[in-house]
Protein chains: 2
Amino acid sequence: MKISRKTDYALRALFTLVEHYHRGPVSVRELARRNDVPKRFLEQIMLEMKVKGWVASVMGKQGGYVLAKSPESITVGQVVRHFDGVMSPIACVSVHHYQPCSQEPICRFRRLFLDVRNHASRLLESATLASIYQGKPVRPEEVFALELTGGAGI
Amino acid sequence: MKISRKTDYALRALFTLVEHYHRGPVSVRELARRNDVPKRFLEQIMLEMKVKGWVASVMGKQGGYVLAKSPESITVGQVVRHFDGVMSPIACVSVHHYQPCSQEPICRFRRLFLDVRNHASRLLESATLASIYQGKPVRPEEVFALELTGGAGI
DNA sequence: GTAATATACGACTAAACGAATCGTACATAA
DNA sequence: TTATGTACGATTCGTTTAGTCGTATATTAC
Ligand code: SF4
Ligand code: SF4
């Protein structure tokens, strides 16, 4: 139930690249500074994303990274799955990392985790960099909205 | 985005206790055997749940554990939150484990994680042991249903 | 040409966490 | 009085996370 820092950092950098789409490369130094990410760590991450084909590098002085695909064609789900591996709360309901469990035939609560996975997955896969970039930042109150409406503690 | 084995084991044991509700205690030995959980590990878990007030112990020979509250009053969300701590995919959208992030005022994708959290939380908090116990086990095909309908890979 | 500024790539590390295991003390019913 | 329980603390071990570091290579401004 947790997203790694690597994924978070990757997304921060990607959205900065969306902002600079078709306006030349942005260096890791700049990406790191603007997004408050350790520079050498981000280097690693950018390299991984280059291999994935999401970004392209421009070498040498004045170099940096650019988005290699359109913001419409990269989903947050893809990024999460690549860096965190799994999107399922538990391996017995994972497609890509399925591991069998002896209790499957009788387990009652497995369906609940399946539902959680399905919804999280649908949400993340349908979110492209472009669509998310349109949205506004979260207002502080919104984080507690659920609790205030008599809902759950989270 | 992952549930620990401890939570899974706790839930397995709890549902066995639901099955035996008002029919006397079940020993850890039996709980471990029926649910395929390491016995000494389950001992720890049961003790934690006793402290939480979800189960009560009956000591001595013929002893074991019984449910201390009605199955309607224990939610899966409570169990998940106790053993896994957090239900949020990232700390900046957590109520109980909130940690600030410098990017909050400008972050675009934070809302997405907030949505994931809200839905997962609603699902888990509204699931009581009693309501889940009514359901049927998941059929094998159901795990892949999302992918087959042209949805996401998970 | 060369210095400055970039990416490329592999190796390494410290700390935290997850998933147990172990020893032993105490309780109680048969 | 012993077999079968729970209670509780300590310890272990492997993996993962979140980085750091060294060095090689590429490009351009001067
Ligand atoms: S017990 Fe149920 S939820 Fe847990 S791993 Fe097995 S099948 Fe999945
Ligand atoms: S970058 Fe956005 S999502 Fe990530 S921690 Fe900061 S506010 Fe939260």
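Letters A, B, ... are given to chains in the order of the sequence lines, protein chains preceding strands, and every chain is numbered from 1. The basis for the numbers below is simple: all heavy atoms, side chains too, and nothing from hydrogens, waters or symmetry mates.
Straight-line distance from the CG atom of Leu31(B) to the C1' atom of dT6(D): 12 Å, rounded to whole Å. In this structure, Met49(A) places its CE atom 15 Å from P of dC9(C), rounding to the nearest Å. One atom, CG of Leu42(B), and another, P of dT21(C), lie 12 Å apart when rounded to the nearest Å. Atom pair Lys39(B):NZ and dA20(C):P shows a separation of 16 Å (rounding to whole Å applied). Rounded to an integer number of Å, the gap from Leu47(A) CG to dT23(D) P is 19 Å. If you measure from atom CD1 of Ile45(A) to atom P of dT17(D), you get 13 Å, rounded to the nearest angstrom. What separates CD of Glu48(B) from C1' of dA20(C) is a distance of 13 Å, to the nearest Å. One interatomic measurement links the two molecules: CD of Gln99(A) to P of dA19(C), which rounds to 12 Å at whole-angstrom precision.
Which of dC9(C), dG5(D), dT21(C) sits closest to the side chain of Met59(B) comes down to dG5(D). Distance from the side chain of Lys61(B) is smallest for dA30(C) among the nucleotides dA30(C), dT6(D), dT7(C). Out of dA30(C), dT25(D), dG5(D), the shortest distance to the side chain of Ser27(B) is found at dG5(D). Comparing dC8(D), dT21(C), dG19(D) against the side chain of Glu43(B) picks out dC8(D) as the nearest.
Contact annotation: Arg29(A) side-chain N/O to dT5(C) OP1/OP2 distance is not under 4.0 Å. Distances shown here put every side-chain N or O of Lys6(A) at or beyond 4.0 Å from the OP1 or OP2 atom of dT17(D).
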Practice prompt. Assign a letter to each nucleotide of nucleotides 10-16 of chain C from its 5' end: B, base within under 4.0 Å of a protein heavy atom; S, sugar-phosphate only; -, no contact.
Written response: -B-----
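Panel note: side chain Glu142(A), backbone Arg139(A); a donor-acceptor pair is recorded below 3.5 Å. Arg33(A) contributes no side-chain N or O that, together with a main-chain N or O of Val28(A), makes up a donor-acceptor pair within less than 3.5 Å.
Using a cut-off of 4.0 Å between Lys/Arg side-chain N and Asp/Glu carboxylate O, Arg34(B) and Glu19(B) are scored as salt-bridged. A salt bridge links Arg12(B) to Asp8(B): at least one charged side-chain nitrogen sits closer than 4.0 Å to a carboxylate oxygen. Of the charged side-chain nitrogens involved, none lies within less than 4.0 Å of a carboxylate oxygen, so that Arg29(A) and Glu43(A) do not count as a salt-bridged pair.
Mapping Tyr9(B) and Ser57(A) onto DNA chain C by nearest heavy atom places Ser57(A) closer to the 5' end of the strand. Taking for each of Val58(A) and Phe41(A) the nucleotide of DNA chain D with the nearest heavy atom, the 5'-most of the two is the partner of Phe41(A).
Atom CG of Leu114(B) sits about 13.0 Å away from atom NE2 of His119(B), to the nearest 0.5 Å. Here the CG-CG distance, from Leu47(A) to Leu42(A), works out to 10.5 Å after rounding to the nearest 0.5 Å.
As judged by a 4.0 angstrom heavy-atom cut-off over every strand, Phe83(A) is placed among residues making no nucleic acid contact.
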